Asker: 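This is the structure I have questions about; it appears just below.
Please read all numbers here as calculations on a predicted model, not as lab measurements. What you see below is based on every heavy atom in this structure, not just the backbone, and it leaves out hydrogens, waters and symmetry mates. Convention: sequence-line order gives letters A, B, ...; per-chain numbering from 1.
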Number of protein chains: 2
Amino acid sequence: MQTKLDALKQTMPSLAVSTQAKDLQIYGVDWTGGYQAAPLAVVFPRSTEQVQQLVHFARDAKQALVPSGGRTGLSAGAVASQGEIVVSFDKMNKIGEFNSSDRLLQVQAGVITQQVQDHVRAQGYYFPVDFASRGSSQIGGNIATNAGGIKVLRYGLLREWVAGLTVVTGSGEILQLNQGLYKNATGYDLRHLFIGSEGTLGFITEAQLRVTNLPGEQQVLLLAVPNTQHLTQLLVLFRQQLNLSAFEFFSELALQYVLTGKGVAHPFTQSAPYYVLIEYDASTQAAQAAALQVFEQGLEAGWIVDGIISQSQTQAAQLWSFRENISEIIAAYKPYKNDIAVKPSLVAPFLAELDTIMLNQYPNFNVVWFGHIGDGNLHLNVLKPTTQTQDEFIHHCQQVNQAVFSTVKRFGGTISAEHGVGLLKQPYLSYTRSAEEIAYLKQLKQVFDPDQIMNPGKLI
Amino acid sequence: MQTKLDALKQTMPSLAVSTQAKDLQIYGVDWTGGYQAAPLAVVFPRSTEQVQQLVHFARDAKQALVPSGGRTGLSAGAVASQGEIVVSFDKMNKIGEFNSSDRLLQVQAGVITQQVQDHVRAQGYYFPVDFASRGSSQIGGNIATNAGGIKVLRYGLLREWVAGLTVVTGSGEILQLNQGLYKNATGYDLRHLFIGSEGTLGFITEAQLRVTNLPGEQQVLLLAVPNTQHLTQLLVLFRQQLNLSAFEFFSELALQYVLTGKGVAHPFTQSAPYYVLIEYDASTQAAQAAALQVFEQGLEAGWIVDGIISQSQTQAAQLWSFRENISEIIAAYKPYKNDIAVKPSLVAPFLAELDTIMLNQYPNFNVVWFGHIGDGNLHLNVLKPTTQTQDEFIHHCQQVNQAVFSTVKRFGGTISAEHGVGLLKQPYLSYTRSAEEIAYLKQLKQVFDPDQIMNPGKLI
């Protein structure tokens, strides 16, 4: 093993390399949990050319590389547990030129997501991809997993905000993809192939990100909903009449954890089985009036039993906190997380079937539901009971996966909506992608990474 | 030759096949012009399964297939001039279910673009991909070329409106890609690989299209602009303050052709070298007031010398007609069309350099400029002088291409913004894509179409 590292240091004397136990531990895992860090080393390239040299070295040495951003992933896509060299983008963290005519920001892969948001906001623009891990995640990792989050309903996935990419393929070639153009009809769009490829075809080293106008004033509406049937009806109603930026949902149990954990009062005098949080454009009086009217329509139809409209930005933030604090609060219970999605029209029957499975398979477990229901994305979190060890619990959960994923498949859904596949979901890929598709994915991997050195074992 | 067709008829007795001279002529070419139709036959499958059978037959027989939609393409992507079998989607023209909860319309590939627009509009929704050939082009061809058009600034390219695809690959496999989901982070997105692939990897047979809310009232502003420098300045100014759906441009010469051709009066008392047409959301009084204010800012800065704001939908259509009639009117002059793009910030220097090239290389030719300048897309049309034959003219234009495309390359632009590559641009692909990229494109083609039977000779 030592010989390989010596060779690397000799080949790339200016490359920062760490083999300190602390670094190996930190850079060997991500937020997924349940994996042992065991990388050979961690390296910190400073340029695309250094990444290219690394790939050339790795090809010669048959040495696996694992890309490492903010390591906030939840599918073990950045785990290095088999003697891989971790390629950290921490030192490729420069924000480059912002061009307001082109609405493009040039960044290196290691820039933190929130820094992108803040940087363009200071110049009067908006980068709309947003999620809870914004303060830690890096833009390269976001792109490699085609990040989603809380604003997908209006702004789409990260894919739509990437105008150009610089990548180093597994063959060691540097590709400049799409060069920041809006329109470019010159053959297969390799940019889109790399977005969401989880570092298995090559590593993203730089990007040109698109931005948009700052949104006007947003209002938030929290609704108490008696029945899953009404979730889709409310989505159709509100989406037709208002300009929505979020349509989120959580169960009473999820809310209870937040209320207890944060020591705050229940927002409603009477609890309901489900809650919907809607954020919408309220920059004109007409839009605010329309929101009130739609809310009343929902009440009259019996689809809502109660509701709160934010009267200030403070209150809007307060209403959001019920939804946004769920993940943090339940983290203490080591939840087994599922990130699944179906078409919005199928949410009610899908929830009903899964609730039955949960009741049968986890009779004594607490199951917490929340998610971005406007785009059909549900986060199903099973909390570990204190009576089980972590290993027993995970083993139990994996047994239930088959029933859950079979249901997902039957509903034409996906086993990973926005968390990627990584190591965690790799055994279940066939529940969403057909055998023919998976065969093609493998052939594509072979085209770009003929020596299988780029994040091997992940995704496929 | 006859033997092959007999074999096809025997293998697929229910497949509609034509070898009539008229059909061979019609289905052998597209709107590009300058190519001779010479297909072996034209076939009209009625289902994805029939397309699959055809591909299996073609693999066995080593018979090239050319997909055929509305044949409105301008890069000869649907030309069959070498004994290919043309696969027309005319009989796969069924509009399927529309689901308002999912905002998805199921269509077969042969549905006309305008039928999609009309079908969802009747139900209160909007399909925003729009362009001049909407009444003839088919949705399968639109997807195969990732169609753009006049609303890209607000709504993006067709890519963003495709939630699911059914394709038959060159290996004869049927793939159901993404199944209409919003979010699906389960590996390489083959859907995006097929969008814009011009039928060279496989044929698109069905699609799930996304729709959105109908837009509110739109106003149109026609501006007289003294100088190309101001084009980008105006784009930044208007885009920051208003919600734009179009930012189009044309030259005085382009306008003159329309005025003469349509027998209408000049919209301004004094002509200007350039005109910009802006369409924006004016559904509230606040938005209308903002538009007036921005217009005045532009006047004060000297970026605009005159302007007209539409006061009605009729007047809006009238202002649009100056821009929209250009292509039709100049068609009589057999223009040599270039569909190029650079980043919006580079439009002024790019136009200046191209004007110099045009002046040097076409001193006696009329060069008509127009385009979707908000996304950097310029249509450079060179009109055939009556003194040259069509062959002489095309030969002359091809000689100039090298200078034009070298300039495009130096500006980091593209030789095809929205018209695709087809046969016409194939020799020039290296001006936009690197040698390494082209090598990958060829390998991807090999993966999906190992026998090189799917639209061979096109794109790469």
Side-chain angles (χ1 to χ4, degrees), chain A residues 99-102 104 124 145-146 148 152 156-157 160 173 175-176 179-190 192-193 196-197 213 232 235-236 240 284 286 341 343-345 375-377 412-421 429 432-434 436-437 440-441 443-444 447-448 459-460, chain B residues 99-102 104 124 145-146 148 152 156-157 160 173 175-176 179-190 192-193 196-197 213 232 235-236 240 284 286 341 343-345 375-377 412-421 429 432-434 436-437 440-441 443-444 447-448 459-460:
Chain A
N99 186 309
S100 61
S101 308
D102 301 327
L104 286 182
T145 53
N146 190 24
V152 169
L157 293 153
E160 295 180 28
E173 278 143 348
L175 304 182
Q176 305 284 354
Q179 311 159 75
L181 295 166
Y182 278 90
K183 289 177 174 173
N184 183 12
T186 53
Y188 320 146
D189 198 325
L190 301 183
H192 283 292
L193 195 58
S197 67
N213 287 347
T232 308
L235 174 65
V236 174
Q240 246 171 356
T284 64
K343 290 186 211 163
S345 63
D375 48 48
N377 182 186
T414 179
I415 59 151
S416 182
E418 56 178 13
H419 290 177
V421 177
L429 191 58
T432 298
R433 309 292 294 260
S434 69
E436 291 84 0
E437 278 190 89
Y440 279 121
L441 299 194
Q443 287 186 74
L444 294 183
V447 166
F448 289 94
L459 210 169
I460 45 173
Chain B
N99 186 309
S100 61
S101 308
D102 301 327
L104 286 182
T145 54
N146 189 23
V152 169
L157 293 152
E160 294 178 28
E173 277 142 349
L175 305 182
Q176 306 283 356
Q179 311 160 77
L181 296 166
Y182 279 90
K183 289 178 174 174
N184 182 11
T186 53
Y188 320 147
D189 197 325
L190 302 183
H192 283 291
L193 196 58
S197 68
N213 286 348
T232 308
L235 174 65
V236 174
Q240 245 170 358
T284 65
K343 289 186 213 164
S345 63
D375 50 47
N377 183 187
T414 179
I415 59 153
S416 183
E418 57 178 11
H419 291 177
V421 176
L429 191 59
T432 297
R433 308 292 295 259
S434 68
E436 291 82 2
E437 278 189 88
Y440 279 120
L441 300 194
Q443 288 185 74
L444 295 183
V447 166
F448 289 94
L459 211 173
I460 47 172

Asker: Tell me, with the steps shown, if B/Leu190 and A/Leu444 meet side-chain contact (heavy atoms from CB on, under 4.5 Å).
Answerer: CA-CA 10 Å; B/Leu190 302 183; A/Leu444 294 183; 3.6 Å; yes
Asker: Taking B/Gly156, B/Gly413, B/Gly187, B/Gly376 one by one, which has the highest count of heavy-atom pairs under 4.5 Å against chain A?
Answerer: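 Heavy-atom pair counts peak at B/Gly187.
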Asker: Pick from B/Gly412, B/Ala341, B/Gly196: which one has the most heavy-atom pairs with chain A under 4.5 Å?
Answerer: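 That would be B/Gly412.
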Asker: Is chain B contacted by the side chain of A/Val447, its backbone, both, or neither, given a heavy-atom distance below 4.5 Å?
Answerer: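 For A/Val447, backbone and side chain are both near chain B.
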Asker: With a 4.5 angstrom heavy-atom cut-off, is it the side chain or the backbone of A/Ser197 that approaches chain B, or both, or neither?
Answerer: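 For A/Ser197, the contact with chain B is made by backbone and side chain together.
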Asker: Side chain, backbone, both or neither: which part of B/Ala286 has a heavy atom under 4.5 Å from chain A?
Answerer: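 For B/Ala286, no heavy atom lies under 4.5 Å from chain A.
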Asker: Is there side-chain contact between A/Gln179 and B/Thr414, with heavy atoms separated by less than 4.5 Å?
Answerer: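 A side-chain contact is absent here, since even the closest heavy-atom pair is not under 4.5 Å.
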Asker: What part of B/Thr284 is in contact with chain A, defined as an atom under 4.5 angstrom from a non-hydrogen atom: side chain, backbone, both or neither?
Answerer: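 It is the side chain, since no backbone atom gets that close.
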Asker: Which bit of A/Asp375 comes within less than 4.5 Å of chain B, counting heavy atoms only: side chain, backbone, both or neither?
Answerer: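 Contact with chain B is through both the backbone and side chain of A/Asp375.
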Asker: How long is the straight-line distance from CG of A/Asn377 back to NZ of B/Lys183, given to the nearest 0.5 Å?
Answerer: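 That separation rounds to 4.0 Å.
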Asker: Identify which of B/Gln240, B/Glu160, B/Gln176 forms the greatest number of heavy-atom pairs closer than 4.5 Å to chain A.
Answerer: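 Greatest number of close heavy-atom pairs with chain A: B/Gln240.
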Asker: So, taking the atom named OH in B/Tyr188 and the one named CD in A/Gln443, what distance separates them when rounded to the nearest 0.5 Å?
Answerer: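 Interatomic distance, B/Tyr188 OH to A/Gln443 CD, rounded to 0.5 Å: 12.0 Å.
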Asker: Less than 4.5 Å to any heavy atom of chain A: does that hold for the side chain of B/Asn184, its backbone, both, or neither?
Answerer: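 Both parts, backbone and side chain.
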Asker: Non-hydrogen atoms of chain B under 4.5 Å away: do they reach the side chain of A/Leu441, the backbone, both or neither?
Answerer: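 Answer is both: backbone and side chain atoms of A/Leu441 are under 4.5 Å from chain B.
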Asker: Is there a side-chain contact (heavy atoms from CB on, under 4.5 Å) between B/Asp189 and A/His192 once you walk through the steps?
Answerer: CA-CA 7 Å; B/Asp189 197 325; A/His192 283 292; over 6 Å; no
